[in-house]
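One structure below.
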Amino acid sequence: MMRTVAAVAVAVLLAAAVAAEASSLKVGYYDKSCRGVENVVKWHVARAIKANRKSGAALVRLIFHDCFVRGCDASVLLDPTPENPNTEKTAPINIGLAAFDLLDDIKSAVEDRCPGVVSCADILIFAARDAASLLSNGHVHFDALAGRLDGVHSHAAEAQQDLPDSTFTIAELIQNFKRKNFTIEELVILSGAHAVGVGHCSSLRARLTAPADQILPAYRGLLAGKCAKGPDPIVPNNIRDEDAGAVAAAVPGFLPKLRKVKDFLDNSYYHNNLARIVTFNSDWQLLTEKEARGHVHEYADNGTLWDEDFSDSLVKLSKLPMPHGSKGEIRKMCRFVNH
């Protein structure tokens, strides 16, 4: 009972903090202080995605991995240093995070335009918003709130504590999201981001021995074959982005569903989940709880609804605040705090 009361108290405090943070954020925050900054960010993101769509998927992943730990403060961008060798980047749960060089380029361009004005935290939100829009052909879109400061703390242990693990059960996933004031529906919505990007075999080992009622055996064989090719290879999160040779050998019936344009952000994740062809245990776990399973069916049936709800969930995610009493700054470089 005491744990329940404590959990409710934490949720109430977080909701109050989010409301306070959101009241200081606004759309068009830099209209006067750095006019055109959002266009600068979008130009760089569009150029990167044109060269490699995986850059966009990496940005969509980064907004979650930043905001779920210490709020949206760009703490995930900080490099390890002799004073702090264990930043969030070094956490095992953050394996494979990318697009840091792209964000460095954007920050440099923004600093040339408006020195010391635009936070890395806001740049990350703008960039992730633009990536989601471009990867979805504009179906995912929202006006981004801005006015954040960059955090000065980053700890791997906090990332391990706060981020949901790919091995989580549905109960653990629900509790993890509840701590951040997110519902079961929002858990399902945000999981849809696994329509794009890649995962490491170390994050899906349990799937290689999962029974047939949890994973399509042919897909399990495909994953096992790819994961046997090195110490920790990467595989596409979405089977529709797999190479044709691997699919032809393991799941030939799926060949017509392969996408000509990879890393397309849509509701295909939910179709894949219902067909038992998702990479992570945490994905399949959504089918083991009545409400979550209902939302998987809902978004498989209505891609337009998912586009809208995913957009709204990213806005809510972007409002997560830094811990109460935290101090912030406008970093000169996104990888390091100011000195």
Side-chain angles (χ1 to χ4, degrees), residues 14 17-18 21-22 24-25 29 41 44-45 48 55-80 84 86-107 110 118-132 135 140 142 144-165 176-177 179-182 186-187 190-191 193-194 196-197 310-311 313-323 326-331 333-337:
L14 178 59
V18 169
E21 173 85 357
S24 65
L25 304 176
Y29 182 86
V41 174
H44 280 82
V45 172
S55 297
L59 288 170
V60 173
R61 186 184 181 207
L62 268 179
I63 185 177
F64 183 84
H65 281 247
D66 183 44
C67 293
F68 239 57
V69 183
R70 302 189 66 82
C72 304
D73 67 344
S75 54
V76 74
L77 304 184
L78 289 172
D79 276 353
N84 182 15
N86 300 307
T87 61
E88 291 172 32
K89 277 184 181 179
T90 68
I93 202 164
N94 278 333
I95 185 174
L97 288 183
F100 299 115
D101 290 344
L102 170 56
L103 291 167
D104 288 341
D105 290 343
I106 297 172
K107 175 64 171 174
V110 171
V118 183
S119 68
C120 297
D122 283 340
I123 287 173
L124 175 52
I125 298 299
F126 292 149
R129 182 268 311 269
D130 295 336
L135 292 181
V140 174
F142 60 92
L145 298 163
R148 300 167 190 81
L149 292 175
D150 297 320
V152 296
H153 299 285
S154 182
H155 306 288
E158 290 186 343
Q160 286 298 124
Q161 172 184 292
D162 288 353
L163 289 167
D165 193 88
N176 178 269
F177 274 68
R179 286 204 303 266
K180 301 295 182 180
N181 202 33
F182 281 78
E186 289 163 336
L187 158 63
L190 288 169
S191 296
H194 288 168
V196 298
F310 186 64
S311 301
S313 294
L314 289 182
V315 172
K316 180 175 178 178
L317 185 65
S318 77
K319 293 178 181 178
L320 287 177
M322 289 194 290
S326 297
K327 294 182 179 179
E329 62 184 14
I330 305 294
R331 287 184 213 145
M333 298 176 63
C334 291
R335 292 176 182 264
F336 303 104
V337 298

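Here the structure is a predicted model, which is why all the values come from computation and not from measurement. Side chains are part of it too, since the values below use all heavy atoms of this structure and drop only hydrogens, waters and symmetry mates.
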Does any non-hydrogen side-chain atom of Arg148 lie less than 4.5 Å from one of Leu25? yes
(request) Assess whether atom CZ of Phe177 is packed by more than 12 heavy atoms of other residues, nucleotides or ligands within 6.0 Å. (result) yes
Taking Lys107 for its side chain and Arg331 for its backbone only, find out whether a donor-acceptor pair lies under 3.5 Å.
-> yes
### Task
Count the heavy atoms belonging to other residues, nucleotides or ligands that lie under 6.0 Å from NE2 of His155, then report whether that count exceeds 12.
yes
Check: Does the side chain of Leu103 reach to within under 4.5 Å of the side chain of Leu124, using non-hydrogen atoms?
Finding: yes
- Are Ile123 and Val118 close enough, and set up right, to give a side-chain contact (heavy atoms from CB on, under 4.5 Å), and what steps lead you there? CA-CA 7 Å; Ile123 287 173; Val118 183; 3.8 Å; yes
Rounded to the nearest 0.5 angstrom, the CG-CG distance for Leu135 and Leu59 is 8.5 Å
### Flag, side chain of Ser318 to backbone of Val315, donor-acceptor distance under 3.5 Å
yes
Taking every heavy atom of Cys72 against every heavy atom of Leu317, the minimum-distance pair comes out as SG-O, 3.2 Å
Value for CZ (Phe64) from OG (Ser191), rounded to nearest 0.5 Å, stands at 8.0 Å
Just distance, no hydrogens or angles: give the donor-acceptor pairs under 3.5 Å from side chains in residues 92-102, sequence neighbours left out.
unit_1	atom_1	unit_2	atom_2	d
Asn94	OD1	His65	ND1	2.5
Asn94	ND2	Glu88	O	2.7
Asp101	OD1	Arg335	NH2	2.8

Verdict with supporting geometry, Arg70 and Asp162, salt bridge (Lys or Arg N to Asp or Glu O under 4.0 Å)
CA-CA 9 Å; Arg70 302 189 66 82; Asp162 288 353; over 6 Å; no
Check: Within a strict 4.5 Å, meaning less than it, do heavy atoms of the Leu314 and Leu190 side chains meet?
Finding: yes
Rounded to the nearest 0.5 angstrom, the CD-OG1 distance for Gln160 and Thr90 is 8.5 Å
In terms of heavy-atom contacts, Asp122 and Gly147 come closest through OD2-N, 2.8 Å
In short, Leu78 meets Cys334 closest at the heavy-atom pair CD2-O, 3.8 Å
Geometric class of the Phe182/Phe68 ring pair [parallel <30°, tilted 30-60°, perpendicular >60°]: tilted
Residues Ala127 and Ile106: closest non-hydrogen pair is CB-CD1, 4.4 Å
With a 3.5 Å distance limit and no angle check, can you tell me whether Ser75 reaches the backbone of Gly151 through a side-chain donor-acceptor pair? no
Any heavy-atom pair between the side chains of Glu329 and Val337 that's under 4.5 Å?
yes
Inset, instruction - Would you confirm whether Asp150, through its side chain, and Ser119, through its main-chain N or O, come within 3.5 Å as a donor-acceptor pair? - result: no
Scanning both residues in full, the closest heavy-atom pair of Leu163 with Asn176 reads C-ND2, 3.8 Å
| task | Check whether any side-chain N or O of Asp66 sits under 3.5 Å from a backbone N or O of Ala74 as a donor-acceptor pair, and report yes or no. | result | yes
Looking at Ser154, is its backbone amide N or carbonyl O close enough to the side chain of Lys89 to form a donor-acceptor pair, meaning the two atoms are under 3.5 Å apart? no
Shortest non-hydrogen pair, Gly56 vs Ala131, comes out as O-CB, 3.5 Å
Margin query: Please evaluate residues Ile63 and Ile125 with respect to the criterion side-chain contact (heavy atoms from CB on, under 4.5 Å), reporting the C-alpha separation (whole Å), side-chain torsions for both, the decisive distance (0.1 Å), and the verdict.
Written below: CA-CA 7 Å; Ile63 185 177; Ile125 298 299; 3.8 Å; yes
